[in-house]
Structure formats: C-alpha cells, structure tokens
Amino acid sequence: MSTPRSNRSIQGRRSRPPPSREVEYKFIQETVNDVCLTIKTYAQKYFSKKGLDHDACAQCYKEIVKTWNQEPGHFTNWKEFMEKVGENNIDKTLKHKNVYKDLIHLCERSKEFETMIPHVRERIVNCVKDHVYKYCHSFSEETGGVEASIVTEYEQQIRNYKRDIEKMINAINSDILRYSDVKSSFERFIAEGANIGKLMESICVQIVEIAHEVKRWISDDSAYPDKLQQDILFNTGYKDTLQEDVFKLQKRKHSLERSLERRSKVRKKTEKEYNIHRKEKKKRKDSIQTLQLKIERLEFQISQKTEHVEGTKTALSTKRTLTPRQEEDMHAKLAKNLREIDRLSEWMSVAKRQRTRLERELKDISDRTYELKVELVTSRHEADEMKNSLEGMEIELRSMHERLDNLDRKTTVMKHIRVLKMSPETLRKLYRRRREFYQEGQLTDACRYVAQEIDNDWKRLYACLPFQPSRDREKLSHDIELIDIYSARRDRTMEEQALKCLEKWRTFSRTSADVAQLIRGLRKLNKEDLADKVEMRFSTESVYG
C-alpha cells in the first residue's frame with residue numbers, strides 16, 4: 001500500500017513547473033543531444049562496419065541450422081536463434097569464422113536496435129509534445145487583433161515546424177511497422193540484411209533529423225524575444241522619424257493656413273475694389289449713353305434748324321410776293337435760327353468733349369476692372385489649390401497619426417509578448433492552466449470509475465468526502481435524501497446514483513475537489529484497494545512526461 005504514495009510523492013516532486021524558459025530549453029537540449037548521442041553511438045558500432053556479405057551470412061545460417069537438424073524457416077526471429085546459439089551447439093571451427101561473427105553482429109545489431117529505437121522514439125516524441133509544443137509559443141492570441149508581422153510570421157513558422165515534425169514522426173512510425181513486417185522470418189531477415197540495414201539506418205537518421213529540427217526550433221524560439229526587441233527598437237526609431245515628419249507637416253500646414261488667411265484678406269479687399277470699379281464702369285457707361293442721346297438730339301435739332309435756315313434763305317432769294325414787313329420778319333427769323341444753330345453746335349461740342357472724356361475714363365476703369373477680375377480669379381484658383389493642399393496635408397496627417405497609433409499598439413503588444421516570453425511566471429501559468437484542464441478531465445474519469453466500483457457504499461462515501469466550505473451532517477443527510485427521491489422517480493441505477501452524489505460533491509466543493517481529495521475520501525471509508533486503483537489510474541501527470 002505504501003508504493004503508490006511513494007510514487008505519488010516522487011511524481012509530485014517531478015511535476016513542479018519549470019522555473020524559467022532557460023531551464024526548459026536546457027531540458028529539451030539535453031534530451032535531443034542525448035538522443036543524438038545514443039543514435040551516433042549505435043551507428044558507429046553497427047553501421048560503420050563495411051564489407052558485410054549477407055549471402056555468406058545466409059549460407060552460414062543454413063549450415064548452422066543443418067547441424068541442429070532444423071529447417072531454415074524454423075526460427076522466426078533473431079531472438080529464437082540467439083537463444084539456441086546460447087546453448088553452445090555451434091561447432092568451434094565455425095565459431096572462429098568471420099562470416100559467423102558477421103551473423104552474430106547482425107543479430108546483436110537488431111537486438112540493440114529493437115531495444116533502443118522504442119525508447120529513443122518515445123523520448124523524442126514526448127519531448128516534442130510535452131515541452132516544445134507546450135512551451136514554444138508565439139503568443140499570437142495576445143495580440144488582440146493587432147497586426148504584428150513578426151508574431152504572425154513566427155506563428156506560421158511554428159505551424160511549419162509542427163507540420164514537418166509530425167510528418168517525420170509518421171514516417172518513422174511507418175518505417176518501424178515495415179521493420180516489424182520484414183523481421184518476422186529470420187531466414188529472410190538474414191538474406192535481405194542489406195535492405196533491412198538501410199531501413200534501420202533510415203529510422204535512425206529520421207530520429208536525428210527530428211532532433212535537429214527541434215534544435216532549430218529552440219534556437220528560433222530563444223531568438224524570438226531578441227527579434228521582438230529589434231522590432232520594438234525599429235518601431236521606436238520609425239516612430240521618432242514619423243513624429244518629426246508630422247511636426248514638419250504641421251508647420252507647413254500652419255504656414256499655409258496663415259498664407260491662406262492673408263490671401264483671403266487681400267482677396268476681400270480686391271473684391272471690394274472690383275465691385276466699386278464695376279459700379280463706376282456702369283456709371284460711366286450710363287453717362288456716355290446719356291451724352292450720346294443728348295448729342296443725337298442736338299444733331300437732330302441742328303439739322304431741323306439748318307433746314308429752316310435754308311428754307312428762309314430760299315424764300316428771301318426769290319423776293320416775290322414778300323412785303324417789306326415779311327422780308328424783315330424772315331431776316332429776323334433767319335438770324336434767330338443761325339444763333340440757335342451756333343448755340344446747339346456749342347452744346348454739341350461740349351457734349352462730345354464730355355463723351356470723349358467719359359470714354360477715356362471708361363477705358364481706364366474697364367482695364368482696371370479686368371485686372372481686378374483677373375486678380376480675383378487667380379486668387380480664387382490659388383486659394384482652391386491651397387485648400388486642396390491643406391486637405392491633402394490633413395489626410396496625410398491623419399494617415400501619419402493612424403500609423404503612429406498602430407505603431408504604439410504594435411509596440412505595446414510586442415512588449416507584452418516579450419514580457420510573457422521572458423517571464424518564468426508565464427511558463428508556470430501555462431503549466432497551471434494545463435494542469436487544471438488535465439485534472440478536471442482526470443477527476444471526471446475518476447468519478448465515473450468510482451461510481452462503477454462503489455456500489456451501495458456511495459452514501460457513506462458522500463459523508464466521508466472533504467468539502468470546502470465544510471457541510472454539516474444535516475445538510476449531507478438532506479443531499480442524500482434528495483438524490484434518493486430523484487433517483488426513485490427516474491428509476492436510476494446504483495451507479496447513476498453514485499455518479500450524481502459525486503457530481504453534487506464537486507458542485508459544493510468546486511475550489512478544492514480533485515482526484516487527491518476523492519482518494520482521501522475513499523481511504524477514510526477504508527476502501528484502500530479502490531483508492532490505490534484510482535491513484536494508479538488517475539494520478540496527476542508530470543510536466544516532464
């Protein structure tokens with residue numbers, strides 16, 4: 001009865017979580033180096049010998065079997081043959097022949113191979129699955145959706161390593177099965193010794209390749225924090241450069257905004273002046289038009305007066321039917337029309353001079369108005385270009401700020417992952433998480449096993465189980481009564497009742513219920529045999545396999 005407890009204590013000492021990743025690396029390195037050394041020693045001993053004549057070995061085997069009065073196919077493997085050889089039934093002359101020594105060499109090679117390979121394969125596979133797979137993490141799940149290329153690349157690298165290693169393990173398993181098939185007939189085993197030797201050598205090489213692949217993985221994993229640090233430093237330097245670019249761009253933006261503000265003031269002033277000139281231009285046009293109408297009216301009046309003068313002169317030149325009085329009146333009228341023509345001509349001359357002056361002023365105003373218009377259009381286009389430049393700068397600034405934020409998030413994530421990778425506590429957390437998950441599954445299986453074996457004693461077991469927090473006897477009795485009532489209603493078997501009782505124990509003792517507590521309850525119930533069986537079947541798994 002003391003043996004399981006002793007095993008448990010030893011196992012408990014071995015199951016302590018690794019103190020640091022360096023310790024874990026050291027364990028993995030030692031394991032793969034030990035595996036490689038074992039393979040190397042075996043290869044130097046059995047694969048370095050040249051000139052093995054397998055046909056001669058097969059002939060020697062037949063001669064030996066013939067002396068034993070046996071058929072060559074009597075022995076199924078080297079073990080049976082070597083047992084017979086151990087009885088000293090070999091002729092002394094034959095024993096001293098090199099071909100006999102080669103035959104024994106082939107048997108010893110297979111003996112050591114069949115002893116070594118399962119152990120070595122198990123060591124390397126357990127090392128890979130219980131250590132490399134479990135402790136070489138990229139922590140991509142800790143990125144929180146942030147795209148960090150180095151984390152993504154290393155996660156893909158891990159997938160590639162796992163895929164390649166699994167492929168190698170499958171190839172080794174396949175070759176081991178092939179070896180098992182070809183070794184069944186010892187006669188064929190000797191005859192095809194060269195091919196079988198190549199198969200054995202291939203299996204050894206594949207195991208060494210896995211070891212080298214693990215070494216490369218460990219090398220990459222140990223360099224992972226340094227790569228993270230390099231990316232962090234690169235991001236920091238890039239961030240400084242980007243912040244300097246942001247500062248320069250903001251300075252240019254502020255300068256452009258001030259220029260745009262000054263240009264806006266100038267444009268408003270120009271626009272005001274342009275509107276004044278437009279009004280003046282319209283005013284001059286209206287004045288010229290008024291003068292033009294006045295000149296046309298004066299020309300018309302002069303034309304009428306001139307016609308009257310010509311008519312009067314014609315009438316005076318005839319002097320017929322005119323009395324002196326009429327002639328005098330006509331001379332007076334002629335003089336009056338001539339004076340009016342002179343007055344109208346003088347007015348028209350003044351109007352023309354005014355029109356000329358206004359036309360000259362209109363031209364100057366029109367030229368200036370056009371210049372102001374060109375200035376306004378040019379200013380508007382320049383302002384639009386400056387606004388477009390500002391929009392482009394704002395877009396670029398937003399992009400730069402987004403890149404800065406993204407850099408900060410990436411840097412924070414990489415620092416966090418690097419801390420996780422470097423911290424010994426991370427390995428312990430992973431170990432505890434895996435242990436909790438494993439123990440939960442182990443406890444479920446152990447409860448099912450106990451429910452099958454405990455039979456009618458489940459009620460007494462329920463009273464012996466440790467509860468945290470503790471439950472008094474009245475509550476325990478009430479729990480058992482409830483299980484009895486519901487079991488009677490649903491026609492449950494004794495095994496189902498026992499399982500329900502253990503489920504209730506796990507519910508009321510959620511923080512402390514484990515396989516060890518279940519074993520303690522069984523021992524308290526004096527179920528030592530069942531407790532030992534549970535301890536042997538469902539003991540806690542060691543971190544190191």
Check whether the side chains of Asn170 and Glu166 place a donor and an acceptor atom closer than 3.5 Å, and report yes or no. no
Holding to side chain to side chain contact (heavy atoms under 4.5 Å, CB included), I want the full list of residues that pass it with Ser140, two or more places apart in sequence or in another chain. Ser138, Val151, Glu155
Sub-3.5 Å donor-acceptor pair from the side chain of Thr38 to the main-chain atoms of Asp34, do we have one? yes
Under a plain distance cut-off of 3.5 Å, with no hydrogens placed, do Asn406 and Arg403 share a side-chain donor-acceptor pair? no
Report yes or no: is the cationic atom of Lys162 (NZ for Lys, CZ for Arg) under 6.0 Å from the centre of the six-membered ring of Tyr133, at an angle within 45° of the ring normal? yes
Salt bridge or not between Glu112 and Lys45? Use side-chain N to carboxylate O under 4.0 Å. yes
Just to verify, which of Trp217, Tyr25, Tyr154 counts as forming a ring-ring contact (aromatic ring centres under 6.0 Å, His included) with Tyr224? Tyr154
Test item: Thr41 side-chain N/O and Leu37 main-chain N/O as donor-acceptor pair under 3.5 Å: yes
Sequence neighbours excluded, the answer for ring pair (Phe, Tyr, Trp, His ring centres under 6.0 Å) partners of Phe234 is none
Keeping Ser399 on the side-chain end and Ile395 on the backbone end, is there a donor-acceptor pair under 3.5 Å? no
Pair Asp231-Lys410, salt bridge (Lys or Arg N to Asp or Glu O under 4.0 Å): steps then yes or no: CA-CA 9 Å; Asp231 265 36; Lys410 283 183 180 180; over 6 Å; no
Looking at Arg506 and Glu503, does any basic side-chain N land under 4.0 Å from a carboxylate oxygen? no
